[in-house]
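For reference, the structure is listed below as structure tokens.
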Number of protein chains: 2
Amino acid sequence: MSEPKPTGPAGANLLFLREGEIRAAQDMLFFAYRDFTNAADVILEELGLGRAHHRVLHFVGRNAGMSVGELLSILNITKQSLARVLGALIDDGYIAQAQGRADRRQRLLTLTAKGQDLERRLFERQRERLVKSYREAGSTAVEGFRRVMRGIMNEEARLYIDRAEARTQADRAEARRDPTREG
Amino acid sequence: MSEPKPTGPAGANLLFLREGEIRAAQDMLFFAYRDFTNAADVILEELGLGRAHHRVLHFVGRNAGMSVGELLSILNITKQSLARVLGALIDDGYIAQAQGRADRRQRLLTLTAKGQDLERRLFERQRERLVKSYREAGSTAVEGFRRVMRGIMNEEARLYIDRAEARTQADRAEARRDPTREG
DNA sequence: GAAATTAAGACAGTGTTGTTGACGTAGACG
DNA sequence: CGTCTACGTCAACAACACTGTCTTAATTTC
């Protein structure tokens, strides 16, 4: 129909923009995300928790001391939706709250030891899958994966990723200085 | 702790398997999938449909004449979960059923003209995002993205993707013969 | 210092999408 | 003919998101 021609400006090979390729990407996002999230479900079910709980554990683990508001803006859900899962995690002793010092209205969130243990167990399940895929695909493919994924998400999420990436870069630099440690 | 060393066998550079990289992948899967699926939500909401309906439209569109059982095994949900959304799509005239000729127990699913129109509108929203990302990332990155995504999903899903990919390859071959058409 | 805004929590009600288990019917198949 | 399969349906339930309203405490603003 009114498709952009397969060859774009400067005659670059843009066959990967063909409709079939884009539809394949839809498929892949669905399957990869579904099977990736499924990986941790067995553990969660045993504990009567769901994926929403896992997401909270993940982001609090990655951003120790974050406020409830920050968590809300990362997850992009309503306060009420978060309250249910966060309340359960606090009641069960996975997450601890501390009053903010700079702003005492804030409740700063951290994983307890119990929370760290659970988060690690959940992480290991998903890590298996990702490491296997990354290893088989190789570093060039992984770099491509990152670039495409970054491009798919909203600007806001990209900024968050960049900040998290900065932390990873710092870890890398540190590891180069002291290769025995792993952040 | 008991992390695999950053340098693997043969001293290959496997820094991309470090924990920070894997955690970044978790983040990216969450954000990319969320924002990708969100793209079509506005249209769906106007029609009183949800993402589950979109998924059905997508897969029926991609596999015209598929049976209900095939659709179930692709979506990996229960009959009851599908019945609700599929029933609505049939009632609203987006999807038509036809009795199977080889096996008359089967109900073969196809998009009606109305269904094709809607699916196309939904597709365009998600395509914008994917094309933008693919174009900016370039063909090498896209190839890497594909390899990593394939590796993340279950074997079963990978087999489905391969079959779909075969169709895409056929389209490509045809396009090479007749570059004016787009499958 | 009073007023407005913000961070967080809580209440009640609703909708989508997934689940289980049981049951029925039509058609395929040994 | 009996059994298995494909599909549909009923009832009940659970996870997770939403809306709107309200309260409390603390910060910010005028």
Side-chain angles (χ1 to χ4, degrees), chain A residues 30 33-35 37-38 40-60 65-92 95-109, chain B residues 30 33-35 37-38 40-60 65-92 95-109:
Chain A
F30 172 67
Y33 185 76
R34 184 191 64 186
D35 295 340
T37 51
N38 253 327
D41 281 353
V42 183
I43 299 174
L44 291 167
E45 200 176 5
E46 286 171 6
L47 300 170
L49 302 175
R51 290 177 187 175
H53 302 87
H54 185 189
R55 280 196 287 274
V56 170
L57 289 171
H58 169 78
F59 283 110
V60 171
M66 77 193 308
S67 71
V68 172
E70 285 169 339
L71 182 53
L72 276 173
S73 71
I74 287 175
L75 292 174
N76 228 6
I77 58 176
T78 58
K79 208 166 31 161
Q80 178 64 357
S81 293
L82 177 59
R84 219 170 330 115
V85 281
L86 183 55
L89 290 170
I90 291 169
D91 289 349
D92 293 356
I95 286 186
Q97 287 175 310
Q99 198 171 44
R101 273 181 304 175
D103 186 337
R104 289 185 304 170
R105 288 171 305 180
Q106 294 183 331
R107 299 288 174 268
L108 306 184
L109 306 171
Chain B
F30 172 66
Y33 186 76
R34 184 191 62 186
D35 295 340
T37 51
N38 253 329
D41 280 355
V42 182
I43 299 173
L44 290 167
E45 200 175 5
E46 286 171 5
L47 300 171
L49 302 174
R51 291 177 186 177
H53 302 87
H54 185 189
R55 280 196 287 275
V56 170
L57 288 171
H58 168 78
F59 283 109
V60 171
M66 78 192 309
S67 71
V68 173
E70 285 169 340
L71 182 53
L72 276 173
S73 71
I74 287 174
L75 293 173
N76 228 5
I77 59 176
T78 57
K79 207 166 35 160
Q80 179 66 356
S81 293
L82 176 59
R84 229 180 345 227
V85 281
L86 183 55
L89 290 170
I90 292 169
D91 288 350
D92 293 357
I95 287 185
Q97 287 176 310
Q99 199 171 42
R101 272 180 305 173
D103 185 339
R104 288 187 304 170
R105 290 171 305 181
Q106 293 183 332
R107 297 288 174 270
L108 306 184
L109 306 171

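Within every chain, numbering begins at 1; the chains are lettered A, B, ... in the order of the sequence lines, protein sequences first and strands thereafter.
- Here the C1' atom of nucleotide dG8(D) and the CG atom of Leu71(B) are 15 Å apart, to the nearest Å.
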At a cut-off of 3.5 Å, list every protein nitrogen or oxygen paired with a nitrogen or oxygen from nucleotides 11-14 of chain C, distance to 0.1 Å.
unit_1	atom_1	unit_2	atom_2	d
dC11(C)	N4	Gln80(A)	OE1	2.9

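- Between the side chain of Gln99(A) and the main chain of Arg104(A), a donor-acceptor pair closer than 3.5 Å is present.
- Across Val60(A) and Leu71(A), no two heavy atoms sit closer than the pair CG2-CD2, 4.0 Å.
- Atom CZ in Arg34(B) sits about 10 Å away from atom P in dC18(D), given to the nearest Å.
- The distance from atom CZ of Arg105(B) to atom P of dT3(D) is 16 Å, rounded to the nearest whole Å.
- In this structure, CZ of Arg104(A) is placed 14 Å from C1' of dT28(D), rounded to the nearest angstrom.
- Here the P atom of nucleotide dT20(C) and the NZ atom of Lys79(B) are 13 Å apart, to the nearest Å.
- Side-chain atoms of Glu70(A) come within 3.5 Å of backbone N or O of Ser67(A) as a donor-acceptor pair.
- Heavy-atom nearest nucleotides on DNA chain D were determined for Gln99(A) and for Ala83(B), and the one closer to the 5' end corresponds to Ala83(B).
- The separation between Leu49(B) atom CG and dT17(C) atom P is 8 Å, rounded to whole Å.
- The nearest pair of heavy atoms linking Ile74(A) to Arg34(B) is O-NH1, 3.0 Å.
- At the heavy-atom level, Glu45(B) lies nowhere under 4.0 Å from the strands shown.
- Remark: the backbone N or O of Ile77(B) is not paired with any side-chain donor or acceptor of Ser81(B) at under 3.5 angstrom.
- Rounded to whole Å, the distance from CD on Gln106(B) to C1' on dG27(C) is 11 Å.
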_Criterion side-chain contact (heavy atoms from CB on, under 4.5 Å) on His54(A) and Thr37(A), from CA distance to verdict_ = CA-CA 10 Å; His54(A) 185 189; Thr37(A) 51; over 6 Å; no
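- Atoms CZ and CG, from Phe59(B) and Leu75(B) in turn, are 6.0 Å apart once rounded to the nearest 0.5 Å.
- When rounded to the nearest whole Å, the span between CG of Asp103(B) and P of dT5(D) equals 12 Å.
- Residue contacts shown for Ala52(A) are limited to sugar-phosphate atoms, with no base heavy atom under 4.0 Å away.
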